[in-house]
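Have a look at the structure below, then the notes.
Every number for a ligand or one of its atoms is a count from 1 in the order of the listing. Counting begins at 1 with the first residue of the sequence. Hydrogens, waters and symmetry mates play no part in the numbers below; they use all other heavy atoms, side chains included.
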Amino acid sequence: MLSKNIEKALNDQIKIEAESSQIYLAMACWAEVKGLEGVAGFMYDQSNEERDHMLKLIKFVNERGGHAQISELAAPNVTFTSFKEMFEKLFDHEVFVSNSINELVHISLQEKDYATHNFLQWYVSEQIEEEAMARTILDKINLIGDDKGGLYLFDRDIQQISISTASTENPQ
Ligand SMILES: [Fe+2]
Ligand SMILES: [Fe+2]
């Protein structure tokens with residue numbers, strides 16, 4: 001059974017994951033209209049993953065005797081000055097989410113809620129992966145700079161980053 005405090009904290013995280021999904025959906029749209037289909041596909045996948053993170057939390061809250069709240073979301077940024085700026089925002093956002101997960105873990109320990117603590121370990125690992133992926137992408141973007149040819153190749157290769165991350169997430 002969840003305490004009111006934990007339920008509230010988990011519901012706040014549900015909102016953050018929903019907003020993450022919207023933020024990345026807006027990035028996907030911007031990349032798509034700019035003609036970078038690889039980047040757009042990558043961002044659509046990220047958006048879906050964030051929705052999955054949200055759903056996993058929703059199920060947990062409802063199964064543990066709480067009531068998952070579906071709330072109004074903040075409108076995401078829909079345009080960017082460059083792809084570099086877009087990926088910087090993605091990286092910063094993942095760091096923000098990691099901090100939020102860490103805070104949740106802290107609260108679960110304070111409340112001695114070991115079931116929630118155990119559940120949250122998946123999110124801790126996921127954030128390590130997502131931050132690493134965002135950093136890898138940012139490093140590549142910084143190498144490319146303003147080179148159009150480099151951006152073309154990056155757009156082609158980002159699908160590979162997508163595939164390799166997906167396959168490390170689902171080892172079968
Ligand atoms: Fe997430
Ligand atoms: Fe994420």
| query | In terms of ring plane angle, is the pair F154 and F87 parallel, tilted or perpendicular, where the classes change at 30° and 60°? | reply | perpendicular
| field | Transitive ILVMFWY cluster of L109, excluding itself - 4.5 Å side-chain cut-off | value | Y114
| Inter- and intrachain pairs under side chain to side chain donor-acceptor pair (under 3.5 Å), touching residues 2-11, at least two apart | S3-E111, K4-E7, N5-E111, K8-D12
| Pairs involving residues 66-88, ordered by first then second residue, that meet side chain to side chain donor-acceptor pair (under 3.5 Å) (sequence neighbours left out) | T81-E85, K84-E88, E85-K89
| request: With the Fe ion (ligand 1) as the centre, enumerate protein N/O/S atoms below 2.8 Å in chain and residue order. | output: E17 OE1, E50 OE1, H53 ND1
| request: Looking at E94, pick out the N, O or S atom nearest to the Fe ion (ligand 2) and give its name. | output: OE2
| query | Can you find a heavy atom in the side chain of K56 that is under 4.5 Å from one in the side chain of W122? | reply | yes
| query | Roughly how far apart are Y24 OH and H93 NE2, rounded to 0.5 Å? | reply | 4.5 Å
